[in-house]
Visitor: 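Structure below; questions to follow.
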Amino acid sequence: MLNIVLFGPPGAGKGTQSERLIEKYKLIHLSTGDILRGEIAAGTELGMKAKSLMDKGILVPDEVVIGMIDSKINANAGSKGFIFDGFPRTIAQADALDKLLSGKNSSITMMLALEVEKDELVRRILHRGKDSGRSDDTNLDIINKRIDEYNNKTAPLKEYYSQQNKLNVIKGVGGIEVIFGKLCEAIEKQV
Ligand code: AMP
């Protein structure tokens, strides 16, 4: 299996690049943000609980997203692999993911970490907010909170995967196709 953690702060381009990567490598895209927004749209209890946190730019509890990922991995047994987008976001999530995959005799192949300066992230998120319909993309305080959450709780995962020799850092600025080319190059070096 080819299991990729596509990593980076909000606005780094994970969603955009995931779309291209799943097409090229025939992988399943698992975005916890998308799954949570689906739960909100469906009006589920889980969605309603998550919404109050997401609207503030705060991470939802680990056990909620771990449970969602567990069922999606099980539902896609037999796939060629997964792109994890926006997951894991904490060390506890990364540990849980390692355990879930090893239970399937599999593992994370690599982390692709997109790096983008903060000013550019804010600019991109505000631009996306014009038509994403996401309230967390339009309010500057919430955007800053999301970036703080990333810096405090999520960025340490680079060290986690580096210790497993799986970290690949990619500059996430420039044309979409150029960045896609760099991601593909990194994938082909590792597999
Ligand atoms: P995203 O679409 O990845 O930017 O996620 C939007 C929001 O959903 C985040 O600000 C969090 O509140 C929540 N969220 C998404 N993925 C996770 C995760 N892996 N762990 C905790 N919260 C998450």
Side-chain angles (χ1 to χ4, degrees), residues 3-19 21-22 27-77 79 81-101 103-104 108 111 113-114 116 118 121-158 160 172:
N3 294 316
I4 296 172
V5 173
L6 187 56
F7 192 76
K14 300 185 295 293
T16 304
Q17 295 297 338
S18 290
E19 284 173 23
L21 291 169
I22 55 165
L27 304 172
I28 304 284
H29 182 201
L30 292 185
S31 155
T32 40
D34 285 351
I35 300 169
L36 288 165
R37 282 183 289 276
E39 295 281 339
I40 293 171
T44 66
E45 197 184 326
L46 187 156
M48 293 307 104
K49 278 193 191 143
K51 186 178 186 322
S52 60
L53 296 166
M54 291 166 76
D55 283 348
K56 297 191 190 93
I58 300 172
L59 295 186
V60 306
D62 288 332
E63 55 277 16
V64 171
V65 283
I66 291 166
M68 291 182 338
I69 287 288
D70 187 11
S71 63
K72 291 284 178 188
I73 290 176
N74 285 324
N76 289 284
S79 77
F82 298 96
I83 300 255
F84 296 97
D85 162 5
F87 181 91
R89 261 174 153 105
T90 62
I91 301 281
Q93 291 178 24
D95 278 333
L97 181 58
D98 279 351
K99 288 199 185 84
L100 288 175
L101 289 173
K104 314 252 174 250
I108 290 297
M111 167 185 267
L114 290 167
V116 178
K118 182 170 176 189
L121 295 174
V122 174
R123 199 188 62 74
R124 286 186 193 177
I125 296 171
L126 286 171
H127 181 73
R128 181 173 70 189
K130 287 183 190 157
D131 47 27
S132 70
R134 287 177 57 175
S135 56
D136 62 345
D137 279 351
T138 49
N139 176 305
L140 199 52
D141 288 340
I142 297 170
I143 294 170
N144 280 321
K145 180 68 191 167
R146 289 164 65 198
I147 296 173
D148 285 350
E149 287 277 87
Y150 170 82
N151 287 329
N152 295 331
K153 298 177 185 166
T154 307
L157 290 179
K158 279 194 257 184
Y160 181 96

Visitor: Quick check: closest heavy atoms across K49 and S52, and the distance to 0.1 Å?
Guide: O-OG, 2.9 Å

Visitor: For a quick test of reading the model, state the closest non-hydrogen atom pair linking A96 to I66 and the distance between them.
Guide: CB-CD1, 3.5 Å

Visitor: Looking at I73 and F82, what are the two nearest heavy atoms and their distance?
Guide: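 Looks like CA-CZ, 3.9 Å.
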
Visitor: Passes side-chain hydrogen bond (donor to acceptor under 3.5 Å, both in side chains), N74 versus D70? Steps please.
Guide: CA-CA 6 Å; N74 285 324; D70 187 11; 3.2 Å; yes

Visitor: What heavy-atom pair brings S18 and D85 nearest, and what distance separates the two atoms?
Guide: OG-OD2, 3.5 Å

Visitor: One pair to check against side-chain contact (heavy atoms from CB on, under 4.5 Å): E19 and H29. What are the steps and the verdict?
Guide: CA-CA 8 Å; E19 284 173 23; H29 182 201; 5.5 Å; no

Visitor: Specify the closest pair of heavy atoms between L114 and P9, including all atoms of both residues, with the distance to one decimal.
Guide: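 Minimum heavy-atom contact is O-CD, 3.6 Å.
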
Visitor: Give a yes or no answer on whether the side chain of K14 reaches the backbone of G8 with a donor-acceptor pair at less than 3.5 Å.
Guide: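 A pair under 3.5 Å: yes.
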
Visitor: Considering non-hydrogen atoms only, spot the tightest contact between L126 and T138 and give its length.
Guide: CD2-O, 3.8 Å

Visitor: Does a side-chain N-to-carboxylate-O contact under 4.0 Å join R146 and D137?
Guide: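 Salt bridge present between R146 and D137.
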
Visitor: Salt bridge check, R37 against D34: does any charged N sit closer than 4.0 Å to a carboxylate O?
Guide: yes

Visitor: Any chance NZ of K72 has more than 12 other-residue heavy atoms, nucleotides or ligands included, within less than 6.0 Å?
Guide: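 No, the 6.0 Å shell around NZ holds no more than 12 heavy atoms from other groups.
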
Visitor: Which residues pass the ring-ring contact (aromatic ring centres under 6.0 Å, His included) test with F87, not counting sequence neighbours?
Guide: none

